[in-house]
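Values below: all heavy atoms of this structure, side chains included; hydrogens, waters and symmetry mates excluded. Protein chains get the first letters and strands the later ones, always in sequence-line order, with residue 1 at the start of each.
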Protein chains: 2
Amino acid sequence: MAQRDRPIGIFDSGIGGLTVVREIIKELPDEKIVYFGDTARLPYGNKSARTVIKFSLENVKLLLKFGVKFIIVACNTSSSLALPALRRRFKVPILGVIRPAVEKAVRITPAGRIGIIGTRATIGSSCYQREIRKIGPGCKSFAQACPLFVPLAEEGWTNDEVTLKVARRYLGPMRRKNIDTLILGCTHYPLLKKMIRKAVGARIKFVDSAKEAALEAKRMLTRDGLRRRRASGFPGYRFFVSDEPERFRKTGRRFLDKKIEFVEKV
Amino acid sequence: MAQRDRPIGIFDSGIGGLTVVREIIKELPDEKIVYFGDTARLPYGNKSARTVIKFSLENVKLLLKFGVKFIIVACNTSSSLALPALRRRFKVPILGVIRPAVEKAVRITPAGRIGIIGTRATIGSSCYQREIRKIGPGCKSFAQACPLFVPLAEEGWTNDEVTLKVARRYLGPMRRKNIDTLILGCTHYPLLKKMIRKAVGARIKFVDSAKEAALEAKRMLTRDGLRRRRASGFPGYRFFVSDEPERFRKTGRRFLDKKIEFVEKV
């Protein structure tokens, strides 16, 4: 098969990476996708760097079995902790979700005051903060871990006074620091956008890391002449998980905005 | 080494099982303990039965390497899903946390109206409900999954209005059903006792599954002549985890009510 006709590989610790799949389908509708959600070992957000790196290496190895031409690490935690190790080990181009989001934030911030929210591991790794210092050295960053956001999103309490209270607790200090831009540094967070918006106020610009990663993937594939041609037929999407497929199939709908027909277990 | 001088093995998906360790130290102060927390793969509460059984078999195999004489499955999810498989596979006596809690609840319930709270997997498995039908056929049971309780406990929001709001949301329907006894079917929940108490009212009797499991272990070891003799010297506790030890060591303190000196990674 021609290199450009091969699928794009995307992995995440679980279901959240489907928000990246959704954006890829929107931006690159002719591409084939192989998705792997490591549902047996999720979440990654509260595990150590060494463990997250080990899991990520295994995930890329799995995707390579499907002959992928390009890999997106949809998981913010993996992107923060494992990207250098993955790039040292594999030749395939690998894109994370951190840099594209930071580039966008630095481009749109009016006064250079950028907030970042994510899991404990993502925030603890300081990787967004480091990237902001590199790409936008004039900017100031403010970071906050929000460990309850993922379970709240998975409960489906996306438009709920409890979620609003939690969001106010987490985001109050940032708001008082007058941030003007907020990076949603976890694939689950776009589901809570409404409550996060209420908690930080209407003026603040949001950066969705899933969307920015999809746009960057498009740019890179175009530049390298690796985009699949429409003429090659219906693209096809394959979803793999490490735990039982059923719950992924059901909940996945909310993330993907589409029905998922088949999910396979590895 | 004489059989009775061997350690008790205890495993959990993570840190919560330390509440069982605490009770064992209280009830059986002369016993040696080997604890394993599967922190690299936690939580078990949102995984499938097949995955939880696979992980549990691996955990028991690990504990057997330390020559344990008796095993307590401190994890409610493992106890609900994996006990029969574990007992088929291994000869060592294995105690779960479900039956002791149900026996206690059936013994103390004034009007036979028993509530059960736990993770999605524990409640979904219906194992508490089945055990209540078997041991207390005259009782009625009311079950509620509380997926936000574990992350709230791990955030340390144990005395907090958000936690109270969440508890009221989860427990309101049970309260209206006039339960008189409530089984805390997850090792993390005793940390939230105060807010759970406020949400269900002062009259309701609590059953703590960790405490009841420790009392049952004591009874079984006494009956089988397997209790360690005080004369054999300081008992010694060993803690193992599958992810980095540091966070376990720190957070463990809250669960164990004691400082943990050494944690080893397997």
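Taking non-hydrogen atoms and a 4.5 Å limit, the residue list of residues 45-54 of chain A in contact with chain B, ordered by number, reads A/N46, A/K47, A/S48, A/R50, A/T51. Contacts with chain A (heavy atom to heavy atom, under 4.5 Å) involve no residue of residues 12-24 of chain B. Listed in order of number, the residues of residues 150-168 of chain B that approach chain A to under 4.5 Å between heavy atoms are B/P151, B/L152, B/E154, B/E155, B/W157, B/D160, B/E161, B/V162, B/K165, B/V166.
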Determine all donor-acceptor pairs shorter than 3.5 Å in which one atom belongs to a side chain in residues 82-89 of chain B; sequence neighbours excluded.
{"unit_1": "B/R87", "atom_1": "NE", "unit_2": "B/I94", "atom_2": "O", "d": "3.2"}
{"unit_1": "B/R87", "atom_1": "NH2", "unit_2": "B/I94", "atom_2": "O", "d": "2.7"}

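Comparing B/R120, B/R169, B/R247 by how many heavy-atom pairs each has under 4.5 Å with chain A, the most go to B/R169.
Heavy atoms closer than 4.5 Å to chain A are found nowhere in B/Y44, neither backbone nor side chain.
Within 6.0 Å of NZ in B/K265 there are more than 12 heavy atoms belonging to other residues, nucleotides or ligands.
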